[in-house]
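Heads up, the thing below is written out as C-alpha cells.
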Protein chains: 2
Amino acid sequence: MKGKATSFDIAHQAGVSQSTVSRALRNSPLVNEETREKIHRIAKELNYKVDKNASNLRSQQSGTIALLLFQDPTSDDSQINPFFLSMLGSITRACTQRGYDLLVSFQQLSDDWHADYEDCHKADGIILLGYGDYTDYEEKLLQLEEQKTNYVRWGAANEGHPGISIGCDNFQGGFEITDHLIQLGRKNIAFIGGAGIGSPEFFDRYKGSCAALEKAGLKPNPKLQIDTITTEQSGYAAALQLLALKQPFDAIFCASDLIAIGVIKALRERGVKIPEEVAVAGYDNIPLSEFIRPTLTTVQQDTKLAGEVLVNTLIDKIHDKSVKTTMLPAKLIIRESCGVAKK
Amino acid sequence: MKGKATSFDIAHQAGVSQSTVSRALRNSPLVNEETREKIHRIAKELNYKVDKNASNLRSQQSGTIALLLFQDPTSDDSQINPFFLSMLGSITRACTQRGYDLLVSFQQLSDDWHADYEDCHKADGIILLGYGDYTDYEEKLLQLEEQKTNYVRWGAANEGHPGISIGCDNFQGGFEITDHLIQLGRKNIAFIGGAGIGSPEFFDRYKGSCAALEKAGLKPNPKLQIDTITTEQSGYAAALQLLALKQPFDAIFCASDLIAIGVIKALRERGVKIPEEVAVAGYDNIPLSEFIRPTLTTVQQDTKLAGEVLVNTLIDKIHDKSVKTTMLPAKLIIRESCGVAKK
DNA sequence: CTGAAAGCGCTTACAG
DNA sequence: CTGAAAGCGCTTACAG
C-alpha cells in the first residue's frame, strides 16, 4: 500500500461505505456490532489512524490545549523556575488523563502571543503560566477576553482581574508563614519580592505577611521590603541591598524559594547565621528546598492539584460550562531555616 | 462578524479571489505587492488567522513535533527526574526557535504509543525521551522503523540500535569520573545502577568505569555492582543493600544524580562519612546536585545542546536530509562528594 | 500576476 | 442500521 491508509481504503476492504467506517471507528451506537468489529480489525491490519487534521477541520475542534509559559525576560535561557517545571509536569499529566493533547510553548511577555493558538484552531483553549509584570499582562488578557478565547491563567486569584484565574491563596500563605516567624520570636521581618500591582501574587503574600504582623501588634517596616524578580541571582543581590540598609531585621520572608536560595547564599557569605541571627522563609516548596542547607521553611503550592484544576477548568470552559476563579489552599512546610522557638 | 473570519471573507473585502488571499498571506512572490499589503491589512483588521487544520490537511504536514516522555512505571506520579525536565525545557525552546510546535505527552513504556502521533498527522516527527528497560523498547522502535516514522531518541548512541539516537558519551563519562576517583586514591569502587542490555546508557557508564579501573591495574569487583532504577528511593535501598554485603569499598559511582542523592542519605544515616570513608559520584548534573551536602561530584550532560541537536536532527530527518546518531561529550564536574587528593 | 476548480480526509445532517 | 453527499478552510496545480 502506498502512503497512509484512509477511511476509504477500509470501506473498500470491508465492503461498506466510508460513512459507516467513520461511525464504526468512533464507536457510534448506530453501527451494527459485527460490522464495527470487522472495521476495527481491518483498521488495525492496515495500521490506520484517523487523520486529526481532517477530523478537527470537520468537527471544528482540536482536542488540544496550548500551554504558554512566560519567562522573566532577564532570566538565563537555560534556567526555568523549578516551580513552573513542576506545573508543566502536572499539567501534562492532567491533559493526558483527560484525553487532550498539550502544545507547549515558551514566550516572552512582550511577544505577540495573545492571538495565536486558539485562533488558528491549533488548540481549543490556552493555559497561561508564568511570572512577569502583571501590568504588561493585563492588556493582552483583555484582548483574549474580547476575542472570546478560552483561557485560564495561573496567578493571583483576585477580583477585578479579567478572565478566570487559578491560584494559590497567597494572602493566607504569607499570613501563615509570618505568623510562624512571629511565634518563633521574630519581630523585624523583611520581605524580598515585588509588592505592587505589577506582581499581584507576591503582593498578596506581602499583604498576608503585613496582616500577620499587625495582628500581633507589630508594625510592618516598609523599608524592609525590597523589590526583586524571581531568580537566585536577584535574591542574592536583594539580600546584599537589605544588609546595606543597616535597618535591624531578624527574619526574611522571600516571595519565592528561588529568591530564598540566593538570600541564604548572600547571608552565609556575610557570616550571618541562619536561623540564629536571621530566619529565612521561602515560598513554593520546590524540590530543591528540602536539600539546601539549612533546609528551607516554605509554603507549599500543590502543583499536582493546581495542574488538574487548571486543566479541568479550561476543559469545562471549552464545553461552555460555568467556571470560576479558584483559590487553592497554601500549606506551611516547616524545616530548619526559621529555627525553632526561642525559650 | 459571526464566527472566525476565513480567507473568503478577506477575498470578498479585498475584491480578489480566495487563491490570491492564500498566496498573499504566505508571502508568495507571485502576488502583486500592493495587493499583498492590502490583504495583510484586511487580515489584521479582521483578526484573521490561518486555520492550521485546513492548511495542514491540504499540505499534508503539521509543523509540529511530538515529545514522548517515558517514565519508570514505579516512579511516583508527581516526581519526574529533573534531568528530563531540563531536557523538556531545552527541547521546547529549540522547537520554538525552529518555528515548530511541540506536543508533549507522558507515556508508560507499556502503552501503545508507538503508532500514534505521526500516523494521525498530529506531528511530523517524534522525539523519544526517558528511561526504561531497553529490551521492552527496542521492539517498538523496530515498529517505528517499519512504519517509516520520523523519530529520534535520546539514549545510548550505540551501533546496532535501530534508528537515530542522540546521547551523551556515557562510556567517556564513566571513564572520567572513575579515573578521577582513582586519582584521589580510591581503589574499590562500587557501581549502583543497571549494568545490562536493559539499560544501555547505564551499562556504558559502567563499562567506562571498568575500563578506567583496568587501565589503572585494578580489577572491577562484580559484587560491587547493584542494579537499580533511577529514583532517590531505589538509590537509598541499593546503598543499604551494598552495605549489607560486607564487601569493602571506598567509593560509589552512581549511574544518576537521583540515585546518588538516595545513596548519600543512606550512608549518612548509617554514619558513613562522605567523602572521608566513602566517596560518592553521580551522573547528570541536575540543578540539585550543587545544593545537596556534600555538593555532588558528577558528570554533566549538556541539556541545552542535547535539546538543540535532537530537534535539529529530527527536522533534518523530516526534510529527508541525511542524519546520523550523535554522541555528545560528557563533562566531569568536580565538587565535594569525592573529596580531594589524599596526601 | 490572478482566478476557477479540485481535493486533502474526515464528520454529519439527510434520506432511506 | 447504512449510504450518498455536502462541506470544514485551506493549498496548489492548471489555465490564462
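Proteins come first, then strands; the chains are lettered A, B, ... in the order of their sequence lines, and each starts at number 1.
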* For the atom pair CG (A:Leu69) and CG (A:Asn81), what is the distance rounded to the nearest 0.5 Å? -> 9.0 Å

* Structure fact -> CG of B:Asn53 to CD of A:Gln60, rounded to nearest 0.5 Å, is 8.0 Å

* First contact, last contact: which nucleotides of DNA chain D are these for chain A, 5' to 3', heavy-atom distance under 4.0 Å? -> D:dC1 to D:dG9

* A:Lys304 and A:Glu308: salt bridge (Lys or Arg N to Asp or Glu O under 4.0 Å), yes or no, with the steps? -> CA-CA 6 Å; A:Lys304 183 157 186 288; A:Glu308 286 163 6; 3.5 Å; yes

* To do: List in numerical order all residues of residues 19-35 of chain B for which some heavy atom is under 4.0 Å away from an atom belonging to DNA chain C.
  => B:Ser19, B:Thr20, B:Arg23, B:Pro29, B:Leu30, B:Val31, B:Asn32, B:Thr35

* Kindly express the pairing pattern of DNA chain D in dot-bracket notation, using | wherever a base pairs with another strand and counting only Watson-Crick or G-U pairs under 3.5 Å. => |||.||||||||.|||

* To do: Taking the side chain as every heavy atom from C-beta outward, state whether A:His12 and A:Gln18 have any pair of such atoms under 4.5 Å apart.
  => no

* Would you call A:Ile39 and A:Leu25 a side-chain contact if the rule is heavy atoms closer than 4.5 Å? -> yes

* To do: Report yes if the side chains of B:Val16 and B:Val21 come closer than 4.5 Å at any heavy-atom pair, otherwise no.
  => yes

* Between D:dT12 and D:dG16, how far is it from one C1' atom to the other, in whole Å? -> 16 Å

* For side chain to side chain donor-acceptor pair (under 3.5 Å), just list the numbers for B:Ser22 and B:Arg26, CA-CA rounded to whole Å, side-chain angles, deciding distance to a tenth of an Å, and then say yes or no. => CA-CA 6 Å; B:Ser22 175; B:Arg26 278 170 304 112; 3.1 Å; yes

* Asked: Does A:Thr64 offer a backbone N or O that forms a donor-acceptor pair with the side chain of A:Ser62 under 3.5 Å?
  -> yes

* Residues A:Arg41, A:Glu37; criterion salt bridge (Lys or Arg N to Asp or Glu O under 4.0 Å); working and verdict -> CA-CA 6 Å; A:Arg41 186 170 44 71; A:Glu37 276 167 17; over 6 Å; no

* Structure fact -> Between B:Val16 and A:Phe8, the residue closer to the 5' end of DNA chain C by nearest nucleotide is B:Val16

* To do: Could you tell me how the ring of A:Trp154 sits relative to the ring of A:Phe83: parallel (under 30°), tilted (30 to 60°) or perpendicular (over 60°)?
  => tilted

